[in-house]
Each structure stands twice: as C-alpha cells, then as structure tokens.
Protein chains: 2
Amino acid sequence: MKNRLKVLRAERNWSQQDLADRLEVSRQSVNAIETGRYDPSLPLAFRIADVFGTQIEDIFLRE
Amino acid sequence: MKNRLKVLRAERNWSQQDLADRLEVSRQSVNAIETGRYDPSLPLAFRIADVFGTQIEDIFLRE
DNA sequence: CCGATTTGTCAAGCCTCCTTTACAAAGTGG
DNA sequence: CCACTTTGTAAAGGAGGCTTGACAAATCGG
C-alpha cells in the first residue's frame, strides 16, 4: 500500500520527528510507514489524515 | 472506533458470512470488527470500503 | 415445534503494528 | 571541515489483527 507521506511532509517542511510528534507515535513508526515497511493501523491512518487535513483515500493508495 | 457495518450489511441483506466471503476474511473477523472488539487493518478497511462502494470515512467513525 | 441458519464468543497460534534503545550513513549550516 | 540534524535500519518485546476449530444461544422459515 503506497502513500504520499513524504511529499505531504516536504510540502510542510516537517522532519519525520515533527510528524511523529504531531501523531504521537515514534519517529521509527513514521519512517517505517513512509518507507513502506508496514501500513499504519486504521486509527493511526485517521490521525494522519487529520494532521494533513485530508482524507485517508488522499494519502494511502490502493494497489 | 465505531462503524456502520451492521447497517450496511442489513441494507444488502448479507449475513456476516456473505460479507466475509466478499472480503476474503473469516466470519469471526467480520463479527469482531462489527461488534467493536477490534479495528480492521488499513488494507482490510479499504477492501470493506470497496465492497460497499464508499469511502472509509463513511463507514468508520472517529471516536 | 423443528431443523437450519445466523450470530456471539473463546482459545491457541501466527503475523503485523508500534515501542524503546542503539548505531551508522547522509545531509545541512556555519 | 566540523558539529548537528535527519534518515534508515536493526533487535527485542508488548499489543492488536486475523486464522481455524469449536460450541451455544438466538433467530428464521416452514
């Protein structure tokens, strides 16, 4: 499952740590999701969508 | 995390087994999600949205 | 009322998500 | 060039998602 985290983060000039802080997860989790090592849980996917002010479907892509 | 699975299933007159077959998961998984024992993984949430022809946000509700 | 279907739940086991600690490589700014 | 920040990755452990098999309670249709 691909995602647009890196781009969304870059648009805001946030480090992985910045995003992790906003999501209240570890930096390693952000990195793992961003590099595709695993998908977030559904609750975390909702928090990610919230942080970027968009929908889950606009960040995570079926495929 | 609440969800509208039971209603969506009722609208289509599907049993939990019918839905499980369409999602390619066990009936117990459908039941556990429906009764709120746990949330689906993100990939499964996408499949659920696909089966009902809607968005994840229209099925699963924050809180 | 009876048989069949549907739903709820439990247990054991495996795999995924997320954590902390830790280290190295790569990039950034004086 | 040198310190500092950022990113990638690893290992070990706890919590959660999903499986199969099983059983009982509830509901449905004749």
Side-chain angles (χ1 to χ4, degrees):
Chain A
M1 176 149 267
K2 288 209 181 296
N3 69 72
R4 306 202 312 117
L5 275 193
K6 191 165 189 165
V7 170
L8 291 166
R9 209 164 49 72
E11 286 173 356
R12 288 157 182 78
N13 203 33
W14 291 347
S15 67
Q16 291 181 347
Q17 184 65 63
D18 291 334
L19 177 55
D21 291 344
R22 285 169 215 264
L23 294 172
E24 297 183 303
V25 294
S26 68
R27 178 185 68 82
Q28 285 80 349
S29 287
V30 169
N31 182 275
I33 293 164
E34 198 167 303
T35 58
R37 289 214 303 286
Y38 56 72
D39 298 316
S41 65
L42 185 57
L44 180 51
F46 268 98
R47 300 212 298 284
I48 293 170
D50 288 344
V51 159
F52 289 117
T54 184
Q55 305 252 98
I56 290 175
E57 283 84 353
D58 293 328
I59 302 179
F60 297 92
L61 312 172
R62 293 166 179 78
E63 132 272 5
Chain B
M1 176 149 269
K2 288 207 181 296
N3 69 72
R4 307 202 311 119
L5 275 194
K6 192 165 189 165
V7 171
L8 291 166
R9 209 164 49 72
E11 286 173 355
R12 288 157 182 78
N13 201 34
W14 291 348
S15 67
Q16 291 182 347
Q17 184 65 64
D18 291 335
L19 177 55
D21 290 344
R22 285 169 214 264
L23 295 172
E24 298 183 301
V25 294
S26 68
R27 178 185 68 84
Q28 286 83 345
S29 288
V30 168
N31 182 274
I33 293 165
E34 197 166 304
T35 58
R37 289 214 305 286
Y38 57 72
D39 298 316
S41 66
L42 185 58
L44 180 51
F46 267 97
R47 300 212 299 283
I48 293 171
D50 286 346
V51 159
F52 289 117
T54 183
Q55 305 252 100
I56 289 175
E57 282 83 353
D58 293 327
I59 302 178
F60 297 93
L61 312 171
R62 291 165 180 76
E63 138 257 10

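All chains are named by letter (A, B, ...) in the order of the sequence lines, taking the proteins before the strands, and each is independently numbered beginning at 1. Given the structure is predicted, the values throughout are model-derived calculations rather than measurements. Atoms considered below: every heavy atom in the structure, side chains included; atoms not considered: hydrogens, waters and symmetry mates.
- Below the 3.5 angstrom threshold, one finds a donor paired with an acceptor across the side chain of A/Gln28 and the base of C/dT21.
- Formation of a donor-acceptor pair under 3.5 Å by the B/Asp39 side chain with backbone atoms of A/Pro43 is not found in this model.
- Rounded to the nearest 0.5 Å, atoms CG (B/Leu19) and OG (B/Ser29) are 10.5 Å apart.
- Across all strands, A/Ser26 comes closer than 4.0 Å to base atoms (heavy-atom distances).
- For C/dT19, the OP1/OP2 oxygens have a side-chain nitrogen or oxygen of A/Ser29 closer than 4.0 Å.
- To the nearest angstrom, P of C/dC17 lies 16 Å from CG of A/Leu23.
- In this structure, B/Glu24 places its CD atom where only 12 or fewer heavy-atom neighbours from other residues, nucleotides or ligands lie under 6.0 Å away.
- Separating the CD atom of A/Gln17 from the C1' atom of C/dT20 is a distance of 13 Å, rounded to the nearest angstrom.
- Remark: A/Arg22 CZ to A/Arg47 CZ distance equals 14.5 Å, nearest 0.5 Å.
- A/Asp18 places a side-chain N or O within 3.5 Å of a backbone atom of A/Ser15 that can act as its donor or acceptor partner.
- Nearest-nucleotide mapping onto DNA chain C: of A/Leu44 and B/Ala32, the residue sitting toward the 5' end is B/Ala32.
- Rounding to whole angstrom units, CE of residue A/Met1 and P of C/dT16 are separated by 15 Å.
- At distances below 3.5 Å, at least one donor-acceptor pair connects side-chain atoms of B/Arg9 with backbone N or O atoms of B/Trp14.
- Following rounding to the nearest Å, A/Asn31 (CG) and C/dT20 (P) show an atom-to-atom distance of 15 Å.
- Between A/Ala45 and A/Ile56, the shortest heavy-atom distance links the atoms O-CG1, 3.8 Å.
- Between the CD1 atom of A/Ile33 and the P atom of C/dC17 there is a distance of 9 Å, rounded to whole Å.
- Here C/dT6 presents its P atom at 10 Å from CZ of B/Arg9, a figure rounded to the nearest Å.
- Backbone-only contact: A/Ser15 has heavy atoms under 4.0 Å from sugar-phosphate atoms and none from a base.
- The interatomic distance linking B/Asp39 (CG) with C/dC18 (P) rounds to 11 Å, in whole Å.
- On the nucleic acid side, DNA chain D has its first and last nucleotide under 4.0 Å of a heavy atom of chain B at D/dG17 to D/dA22, going 5' to 3'.
- Mapping B/Arg37 and A/Glu34 onto DNA chain D by nearest heavy atom places A/Glu34 closer to the 5' end of the strand.
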